[in-house]
There are 2 protein chains.
Amino acid sequence: MSALTIGEVAQRTGAATSALRYWEDLGLITAVRTTGNQRRYERATIRRVSFIRAAQRVGLSLDEIGAALATLPEQRTPTARDWARLSRAWRARLDEQIRRIEKLRDDLDGCIGCGCLSLTTCALNNTADWQADLGPGPHKLDV
Amino acid sequence: MSALTIGEVAQRTGAATSALRYWEDLGLITAVRTTGNQRRYERATIRRVSFIRAAQRVGLSLDEIGAALATLPEQRTPTARDWARLSRAWRARLDEQIRRIEKLRDDLDGCIGCGCLSLTTCALNNTADWQADLGPGPHKLDV
DNA sequence: ACTCGACTTGAACTTCACCTGAGGTCCGGC
DNA sequence: GCCGGACCTCAGGTGAAGTTCAAGTCGAGT
């Protein structure tokens with residue numbers, strides 16, 4: 001009753017089973033195996049998976065999420081206090097994100113709105129070096 | 001004096017030349033060719049490129065940006081008023097984005113903070129159907 | 001004992017937004 | 001006339017975050 005199958009975890013969290021296996025490969029979650037090699041998850045995994053999904057929606061990469069999860073205690077099931085600590089660290093990130101979008105919005109009102117987008121003094125234009133040297137691959141648009 | 005090379009556009013906008021060629025492939029920008037087959041851009045292209053880059057920072061995909069640009073008049077150089085119209089539509093998007101992050105932040109304070117993440121009544125958990133059927137490939141985290 | 005859905009693995013494929021490199025051409029200046 | 005830097009095309013690579021498929025195995029219920 002306490003050991004959940006991958007299908008159950010998927011259903012309760014909304015994550016695809018393929019995603020759960022992928023996250024296990026990355027070390028974000030763990031599972032024990034039955035004699036027949038099937039995964040069985042602890043109940044606490046549901047909370048962990050929910051955290052991962054919520055974090056993704058905030059724009060964090062799995063790498064960053066993994067780093068955050070690594071700060072949880074390994075030997076015992078994380079308590080509400082443990083999660084609260086992560087949540088506090090996170091709040092700052094969300095606030096920062098909001099701040100950046102607000103700035104962009106305000107720049108826009110006074111800048112694109114007036115059609116000045118091509119002037120060298122334009123606040124939007126003067127971010128020319130933005131994302132200048134990130135190498136190949138898609139770049140995280142972490143707004 | 002009025003026809004810009006790709007290098008000039010790159011320098012003035014901060015976009016890489018490879019990106020400019022790519023955007024041309026996608027139909028986001030256009031160029032005329034010299035007898036020697038080199039691209040020459042109108043001055044107005046700089047504004048267009050600036051718009052693309054600013055839009056990316058807001059989290060829009062090139063697809064969406066293309067759709068927005070398609071509403072600009074083709075026969076004449078877009079006026080400040082044309083750009084202002086795009087900007088207005090955009091502002092709503094930014095406001096919505098801010099609203100969503102704020103909601104997540106507030107849910108977090110009362111939800112992960114209290115450790116309730118596993119309850120079925122949890123606001124974060126009840127988004128289980130989020131991103132449920134988007135097919136393969138990475139999914140845009142448009143926060 | 002049998003069935004059938006849920007599970008297993010690994011490899012290959014997908015999307016997005018480009019970047020890199022090879023091999024060649026153009027063109028402004030001396 | 002020649003040099004070098006800027007340009008051209010096209011093929012293939014890159015990274016994240018998975019999905020899809022094939023071929024097989026498990027395990028709960030009848």
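Quick note on labels: first sequence line is chain A, next is B, and so on, each numbered from 1.
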Atom-to-atom span, [atom1] of [X] to [atom2] of [N] - whole angstrom:
X: A:L20; N: C:dT8; atom1: CG; atom2: C1'; value: 14 Å
X: B:L60; N: C:dC16; atom1: CG; atom2: C1'; value: 14 Å
X: A:R33; N: C:dT8; atom1: CZ; atom2: P; value: 6 Å
X: B:Q11; N: D:dG5; atom1: CD; atom2: P; value: 16 Å
X: A:I6; N: D:dG27; atom1: CD1; atom2: C1'; value: 16 Å

Report task. Take B:R48 and B:L72 through the test side chain to side chain contact (heavy atoms under 4.5 Å, CB included) and record every step on the way to the result. Result -> CA-CA 10 Å; B:R48 207 171 165 98; B:L72 288 175; 3.8 Å; yes
Which atom names give the shortest non-hydrogen contact between [X] and [Y], and what distance separates them?
X: B:T17; Y: B:I6; result: O-CD1, 3.7 Å
X: B:V9; Y: B:Y41; result: CG2-CD1, 3.6 Å
X: B:L62; Y: B:I52; result: CD2-CG2, 4.2 Å

The bend of the helix from C:dA1-D:dT30 to C:dC30-D:dG1, taken between the axes of its five terminal pairs at each end and rounded to 10°, is 0°
Of C:dT9, D:dG18, D:dC8, the nucleotide closest to the side chain of A:Q56 is D:dG18
What nitrogen or oxygen pairs link the protein and nucleotides 25-30 of chain C at under 3.5 Å?
| unit_1 | atom_1 | unit_2 | atom_2 | d |
| --- | --- | --- | --- | --- |
| C:dC27 | OP1 | B:T34 | OG1 | 3.3 |

Is there a side-chain contact between [X] and [Y] (heavy atoms, below 4.5 Å)?
X: B:L28; Y: B:Y22; value: no
X: A:L4; Y: A:R40; value: no
X: A:R21; Y: A:D25; value: no
X: B:Q38; Y: B:R33; value: no

Taking only the side-chain nitrogens and oxygens of [X], find out if one of them lies under 4.0 Å from OP1 or OP2 of [N].
X: B:S18; N: C:dT20; answer: no
X: A:R53; N: D:dA17; answer: no
X: A:T17; N: C:dC7; answer: no

Would you call A:D82-A:R47 a salt bridge at under 4.0 Å N-O?
no
_I'd like to know if A:D95 pairs up with A:R91 as an ion pair, taking the criterion as any Lys NZ or Arg NE/NH1/NH2 lying under 4.0 Å from an Asp or Glu carboxylate oxygen._
yes
The correct set of residues in residues 21-30 of chain A placing a heavy atom under 4.0 Å from DNA chain D is A:Y22, A:W23
inquiry  = Within a 6.0 Å radius of atom CD on B:E42, are there more than 12 heavy atoms belonging to other residues, nucleotides or ligands?
reply    = no
